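Notes for the one structure printed next.
Bear in mind that the values here come from a model prediction, so they are computed numbers and not experimental data.
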Amino acid sequence: MSDTTPSPSEHAQAWLTGFDHALQRRDIDAAVAMMGDDCYWRDLVSFTWNICTQESPAAVRAMLAARLDDVAPSHWQLTGDATTADGVTEAWFTFETRLSRGKGLVRLINGRAWTLLTTMVELKGHEEKTGRHRVAGAEHGVHRGRKSWAELKADEAATLGHTVQPEVVVIGGGQGGIALGARLRRLGISHIVVEKNPRAGDSWRNRYKSLCLHDPVWYDHLPYLNFPDDWPVFAPKDKIGDWLEAYVKIMEINYWASTTATGAKFDEASQTWEVTVQRDGQTVVLRPKELVIALGVSGYPNVPQIPGAETFLGDQHHSSKHPGPEACQGKQVVVLGSNNSAHDICAALWEQGVDVTMVQRSSTHIAPSASLMELALGGLYSEDAIAAGVDHHKGDLIFASLPYKIMAPLQVPVYDEMKRRDADLYNRLEKAGFMLDFGVDGSGLFMKYLRRGSGYYIDVGASELVANGSIKLKSRTTIERINPKSVTLTDGTELPCDVLVYATGYGSMNQWLAGLISPAVADRLGKVWGLGSDTPKDPGPWEGELRNMWKPTQVPHLWVHGGNLHQSRHYSQFLSLQLKARLAGIPTPVYGLAPVHHTR
């Protein structure tokens, strides 16, 4: 007898065909019946003009009832071969809507969808000019008054922001603003990226001397232009700075360096922003239709107000201003804090023979880099992943296909294995007095990053120095008072101190918004970052997505962009498509606009 069991690909295409037919018939009951009882549909713009996740059959039903007629999805087609493992069939597919083309990933259990990802790839009629559609460059023939590429570029630089207004202004020319600028250029959107530093990449160059990326190269590519294949796994900060500067030029991003945004307000009559900047000693008012804040996901440096600080005779500064270990030679240094920056600064000081003490106020999650690479990132971002057919584009979509609601429990086994694998280091750290944690639910580093953006160190060597006592440690305490030549801790200890470094993190991005636009607008937009997980520094209720990131906010025409290099690359695609649609006059009815629960 022949085996009539359908292959994974046949199984997946049957589901896709059935789902396609149900949607085209506008049969919402049939479509919802193809979703599992425990199901998640994450949509990146294509159905909702939003970034949102439907976390139940009822939520899927409500979304389809609101959006199906307008979206008009069709042509759900399997791409590549589906796979089945542990009872889960995984399949990639393409689809179309009335206005766009998309790509997705579905996971099926017992013939019904457990997770479904749909993403917008391009807007019909507004495709990027790539491949067969690329511009010719040369104008063959004879043309009076012909201008060269360089002359046209110079004309654009001379007029944009002056006699010609940009459609989009991006405030912040770090990795986020640069990645988005490249996307905007490719979509033909006139734009200006505003950066206060003299050169692109200075936001990296100006950090402490020893800083290197803690994320691996495969995770960190910028849009369109990969790092060379001999690029270091963990690139030094100045190398990243130089790459960003070169990228701005190669990608022809309209980049205004040495330019400071001093204010912004929305003009209801003209439906444009008035963004005031200082450039070359002059005040310039830009009038874009859309304003993007790309200043990272943090606000101003947190510098604690400690009694006696004004009496200190030495040098005290935030970690963002730390000049490097050379200035600390022969001095006694106290570093307040115990996360990434604190560890990096302490390790660099120790390498230069400086006496350094770390003051740990609260517990920190330590993730050894080698274990993190292998256990958490290796399957999506590594040479092994590339050999298995998973480049960073595919890795991004796999990662995006995991709804945040189920991500935490899926992460727990990763960090349980890390505890086992690195038990010796963890035991020695605890014996040295270091306070460890793995998150309140054991879900580790990435959930801490998503929930609060702090509370961890990716160990690239400093943890061993803490464990063996080379970096002195005072934990379960903080600085109670600063004296002229010392600091007094809450446990009564007095530490001699010539240099005090505040590795105490940053405030909310809302601080930037309050200063640039107004406190009222900052409150109307609400808290930026976090999931509403009701864990430390991430108050509930549950939001399902990162607050206010890369998607419509409660303030029309105001957007927030940022995150690490991976997020800046991946989500700039979806932000740029939302901007393009609005500027092209395409209706963009937003489904599931998130309410504001917190203002800070």
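- Checked by atom type and distance alone, the side chain of Arg569 never pairs as donor or acceptor with a backbone atom of Ala179 at under 3.5 Å.
- Between the OG atom in Ser508 and the NZ atom in Lys537 there is a gap of 12.5 Å [rounded to 0.5 Å].
- Counting only distance, with no hydrogens or angles, the side chain of Tyr40 and the backbone of Ala113 share no donor-acceptor pair below 3.5 Å.
- Across Ala594 and Gln554, no two heavy atoms sit closer than the pair O-NE2, 2.9 Å.
- The side-chain contact (heavy atoms from CB on, under 4.5 Å) test with Val560 singles out one residue from Met509, Lys551, Arg547, and that residue is Met509.
- Interatomic distance, CG of Leu160 versus CG of Leu286, reported as 8.0 Å (0.5 Å rounding).
- Surrounding NZ of Lys129 are at most 12 heavy atoms belonging to other residues, nucleotides or ligands under 6.0 Å away.
- Counted by atom type alone, Thr118 and Asp43 present one or more donor-acceptor pairs between their side chains at under 3.5 Å.
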Review point. Which is it for Thr283 and Gln278 under the side-chain hydrogen bond (donor to acceptor under 3.5 Å, both in side chains) test, yes or no, and what are the steps along the way?
Key: CA-CA 5 Å; Thr283 298; Gln278 293 295 319; 2.6 Å; yes
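- Looking only at distances, no side-chain donor or acceptor of Arg42 sits under 3.5 Å from a matching main-chain atom of Leu402.
- Salt bridge Arg101/Glu122: present, at least one basic N to carboxylate O contact under 4.0 Å.
- Two rings, from Trp92 and His393, have their centers 6.0 Å or more apart.
- Using a distance-only test at 3.5 Å, with no hydrogens or angles considered, no donor-acceptor pair links the side chain of His598 to the main chain of Lys527.
- Pro166 and Ile192 make their closest contact through CG-CD1, 3.9 Å (heavy atoms, listed as atom of the first residue, atom of the second, distance).
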Practice item. Please test Asp242 against Lys239 for salt bridge (charged side-chain N to carboxylate O under 4.0 Å, His left out), starting from the C-alpha separation and ending with a verdict. Key: CA-CA 5 Å; Asp242 289 350; Lys239 194 174 181 71; over 6 Å; no
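- Rounding to the nearest 0.5 Å gives a distance of 9.5 Å between NZ of Lys124 and CZ of Arg98.
- For the pair Leu513 and Ile293, the minimum side-chain heavy-atom distance is below 4.5 Å.
- Using a 4.5 Å cut-off on side-chain heavy atoms (C-beta onward), Ser190 and Val164 make no contact.
- A side-chain donor-acceptor contact under 3.5 Å links Asp20 to the backbone of Trp76.
- At least one donor-acceptor pair closer than 3.5 Å links the side chain of Glu127 to the backbone N or O of Gly125.
- With no hydrogens or angles considered, no side-chain donor-acceptor pair links Trp559 and Gln578 at under 3.5 Å.
- Counting non-hydrogen atoms of other residues, nucleotides and ligands closer than 6.0 Å to NE2 of His75 gives a total of 12 or fewer.
- Aromatic rings of Phe93 and Phe19 (six-membered ring for Trp) have centroids beyond the 6.0 Å cut-off, not under it.
- Here OG of Ser341 is found 6.0 Å from OH of Tyr506. Values are rounded to the nearest 0.5 Å.
- Ring-plane geometry between Phe47 and Phe95 is classed as tilted, the angle between the planes lying from 30 to 60 degrees on a 0 to 90 degree scale.
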Exercise for review: Test side-chain contact (heavy atoms from CB on, under 4.5 Å) on Met120 and Leu99 and set out the steps.
Suggested key: CA-CA 10 Å; Met120 183 180 290; Leu99 298 172; over 6 Å; no
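- Test Arg186, Glu128, Arg185 against Tyr224 for side chain to side chain donor-acceptor pair (under 3.5 Å) and you get one pass: Glu128.
- Two residues are said to be in side-chain contact when any heavy atoms from C-beta on lie closer than 4.5 Å; His597 and Pro539 fail this criterion.
- Note that the CG atom of Asp220 and the CZ atom of Phe234 stand 9.5 Å from one another [nearest 0.5 Å].
- Between the Asn254 side chain and the Ala157 main chain, no donor and acceptor come within less than 3.5 Å of each other.
- Looking only at distances, a side-chain donor or acceptor of Asn50 sits under 3.5 Å from a matching main-chain atom of Tyr591.
- Residue Leu577 comes nearest to Leu187 through the heavy atom pair N-CD1, 4.3 Å, listed as atom of the first residue, atom of the second, then distance.
- Classification of Asp391 and Lys394 as a salt-bridged pair fails, no side-chain N sitting under 4.0 Å from a carboxylate O.
- A perpendicular orientation is assigned to the rings of His570 and Phe574, their planes being inclined by more than 60° (bins at 30° and 60°).
- Residues Val248 and Glu245 form no side-chain contact, since every pair of their non-hydrogen atoms from C-beta on lies 4.5 Å or further apart.
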Point to revise | side-chain hydrogen bond (donor to acceptor under 3.5 Å, both in side chains) assessment of Trp550 paired with Gln567 | key: CA-CA 10 Å; Trp550 318 295; Gln567 291 170 312; over 6 Å; no
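- When every heavy atom of Val194 is checked against every heavy atom of Thr259, the shortest pair comes out as CG1-O, 3.5 Å.
- Within a 6.0 Å sphere centred on CZ of Arg146, other residues, nucleotides and ligands contribute more than 12 heavy atoms.
- In this structure, Gln511 contributes its side chain and Pro301 its backbone to no donor-acceptor pair below 3.5 Å.
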Check your understanding: Under the side-chain hydrogen bond (donor to acceptor under 3.5 Å, both in side chains) criterion, do Asp280 and Gln282 qualify, and how do the steps go?
Key -> CA-CA 5 Å; Asp280 297 331; Gln282 295 184 330; over 6 Å; no
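- At a threshold of 4.5 Å between non-hydrogen side-chain atoms, the residues Ile253 and His191 count as touching.
- In terms of heavy-atom proximity, Thr599 sits nearest to Asn510 at O-ND2, 3.5 Å.
- Between Trp218 and Phe227, a ring centre-to-centre spacing not shorter than 6.0 Å is recorded.
- Contact annotation: the side chain of Leu583 approaches that of Val168 to within less than 4.5 Å [non-hydrogen atoms, C-beta and beyond].
- Between Ile51 atom CD1 and Asn548 atom CG the span is 11.5 Å, to the nearest 0.5 Å.
- Ring geometry for His566 against Tyr219 counts as parallel: the plane angle stays under 30°, on a 0 to 90° scale with 60° as the upper cut.
- Salt bridge Arg205/Asp202: present, at least one basic N to carboxylate O contact under 4.0 Å.
- In this structure, the side chain of Arg452 does not engage the main chain of Tyr449 through any donor-acceptor pair within 3.5 Å.
- Heavy-atom neighbours of Lys265 NZ from other residues, nucleotides or ligands within 6.0 Å: at or below the threshold of 12.
- The minimum heavy-atom distance between Arg582 and Pro552, with the atom names listed, is NH2-CG, 3.8 Å.
- Here the side chains of Arg61 and Ile28 are in contact, with some heavy-atom distance below 4.5 Å.
- By the 6.0 Å contact criterion, NE2 on His133 is open, its count of non-hydrogen atoms from other residues, nucleotides or ligands being 12 or less.
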